Undergrad: 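So that we are looking at the same thing, I have put the structure below in structure tokens.
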2 protein chains.
Amino acid sequence: MTNSERYKIEAKARILKALAHPTRLFIIDKLKERTHCVCELTELVGADTSTVSKHLSILKHVGLVESRKEGTMVHYSLADECVVKCVGCLGEIVLRQLERQVASLADDA
Amino acid sequence: MTNSERYKIEAKARILKALAHPTRLFIIDKLKERTHCVCELTELVGADTSTVSKHLSILKHVGLVESRKEGTMVHYSLADECVVKCVGCLGEIVLRQLERQVASLADDA
DNA sequence: GGCGTATATGGCAATATAACCAATTAAGGT
DNA sequence: ACCTTAATTGGTTATATTGCCATATACGCC
């Protein structure tokens, strides 16, 4: 493996690790529609502000979201629309898995 | 959030967590081309067999890969081609991030 | 049956993650 | 300057992940 390959694979793994949490996926899903401030997301997620803030900082650190400060509030938005496509593919995988489960249940019956 | 939404988001997070490791991404990348047995992957990865076997079991557990036993060997393959698309999107994100970094370096100069 | 190769599993130590609370910083309004 | 609201950061505890070693299992061959 070349250094460039190693770098890319590690960068991808970092991004995936940042995505791999229900709360963070939920946040990404909300930001897909529009920009949200931390207090809105805190409300939507239903956890401590500090918890949500840390999740956001994890997403920001790998470049998946951007923040813009306005007065006392911080507005977060998606940094790259590609993540929507990526999560969309996952959705397809999940659906297909469900279909298979249903099919195998039908076979048993 | 409905139960169905919660289920899907957790399913996606489980899959992402399984993907989010350099070695496992590397394995997925190798399986993209063709089926590989554990010993081949062990050789390619350069880690202990037990380590590779555990990575494969993590990938299998979330339904990303399938295994077929043949004699004393076990052949692993991709279970859903969609994961290729998903990792491809990640690649785009990484490239775009690199481009931005290069651009900002150019700005500084 | 006994041996060698291919995988898988259990156990362990090191490290990483996650959630909350508490404390801090930042900006506005009065 | 003081108070309030918004957000971040540090600390702590509980839990999860990772990688290797040692051990077990499975299969083919003699």
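This one's a predicted model, so the numbers in the text were calculated from it and none came from an experiment. Lettering follows sequence order; numbering is per chain, from 1.
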Undergrad: So which one's nearest nucleotide on DNA chain C is more toward 5', A/Ile58 or B/Ser53?
TA: B/Ser53
Undergrad: Please report the distance, rounded to the nearest Å, between CE in A/Met73 and P in C/dG28.
TA: 12 Å
Undergrad: Counting C-beta onward and ignoring hydrogens, is there a side-chain heavy-atom pair between B/Leu19 and B/Ile28 closer than 4.5 Å?
TA: yes
Undergrad: Using the side-chain heavy atoms of A/Val74, tell me which of these nucleotides is nearest: D/dT18, D/dA7, D/dA22.
TA: D/dA7
Undergrad: Would you mind reading off the distance between A/His21 atom NE2 and C/dT17 atom C1', rounded to a whole angstrom?
TA: 8 Å
Undergrad: Salt bridge check: are B/Lys30 and B/Glu40 linked by an N-O gap of less than 4.0 Å?
TA: no
Undergrad: Expressed as a whole number of angstroms, how long is the span from B/Leu56:CG to C/dA6:C1'?
TA: 13 Å
Undergrad: Any side-chain heavy atom of B/Phe26 sitting closer than 4.5 Å to one from B/His21?
TA: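 Heavy-atom side-chain distance check fails, nothing below 4.5 Å.
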Undergrad: Looking at B/Glu10 and B/Lys12, is any side-chain nitrogen of the basic one under 4.0 Å from a carboxylate oxygen of the acidic one?
TA: no
Undergrad: Of all the nucleotides listed (D/dC21, D/dT8, D/dT17), which has the minimum atom distance to the side chain of B/Lys17?
TA: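 So the side chain of B/Lys17 is nearest to D/dT17.
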Undergrad: Could you go through nucleotides 25-30 of chain D and list every protein N or O atom that sits under 3.5 Å from one of its N or O atoms, giving the distance for each pair?
TA:
from	atom 1	to	atom 2	distance (Å)
D/dA26	O3'	B/Lys69	NZ	3.2

Undergrad: Rounded to the Å, how far apart are A/Ile27 CD1 and C/dA19 P?
TA: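 Taking atom P of C/dA19 as the reference, CD1 of A/Ile27 is at 10 Å.
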Undergrad: Less than 4.0 angstrom between a side-chain N/O of A/Tyr76 and OP1 or OP2 of D/dT8, yes or no?
TA: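 So the side-chain polar atoms of A/Tyr76 do come within 4.0 Å of the phosphate oxygens OP1 or OP2 of D/dT8, strictly under.
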Undergrad: For the pair made of NE2 in B/His75 and P in C/dT5, what is the distance, rounded to whole Å?
TA: 18 Å
Undergrad: Calculate the interatomic distance between B/Lys60 atom NZ and C/dT7 atom P; express it in whole Å.
TA: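 Computing the B/Lys60:NZ to C/dT7:P distance gives 13 Å.
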Undergrad: Quick one: which of D/dA7, C/dC20, D/dC20 gets closest to the side chain of A/Ala47?
TA: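 Between D/dA7, C/dC20, D/dC20, the one nearest the side chain of A/Ala47 would be C/dC20.
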Undergrad: Would you mind checking if A/Arg68 and A/Glu70 are paired as a salt bridge, meaning a charged N to carboxylate O distance below 4.0 Å?
TA: yes
Undergrad: Output yes when a side-chain donor or acceptor of A/Arg96 lies under 3.5 Å from a complementary backbone atom of B/Asp80, and no otherwise.
TA: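 No; zero donor-acceptor contacts below 3.5 Å.
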Undergrad: Classify B/Ser57 by what it touches in the nucleic acid, base, sugar-phosphate, or nothing, heavy-atom distance under 4.0 Å.
TA: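 Nothing, no nucleic acid heavy atom in range.
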Undergrad: Counting only side-chain heavy atoms from C-beta out, which of D/dA7, D/dG19, C/dT7 sits nearest to A/Val38?
TA: D/dA7
Undergrad: Given D/dT17, is OP1 or OP2 found less than 4.0 Å from the side-chain N or O atoms of B/Lys54?
TA: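 Negative; the distance criterion is not met.
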Undergrad: Could you tell me the separation between the CG atom of A/Leu19 and the P atom of C/dA18, rounded to a whole number of Å?
TA: 12 Å
Undergrad: Nearest whole angstrom, please: distance from the P of C/dT7 to the CZ of B/Arg68.
TA: 12 Å
Undergrad: Using salt bridge (charged side-chain N to carboxylate O under 4.0 Å, His left out), reason through A/Glu92 and B/Lys85 one step at a time and then give a plain yes or no.
TA: CA-CA 11 Å; A/Glu92 286 185 51; B/Lys85 231 196 298 174; 3.4 Å; yes
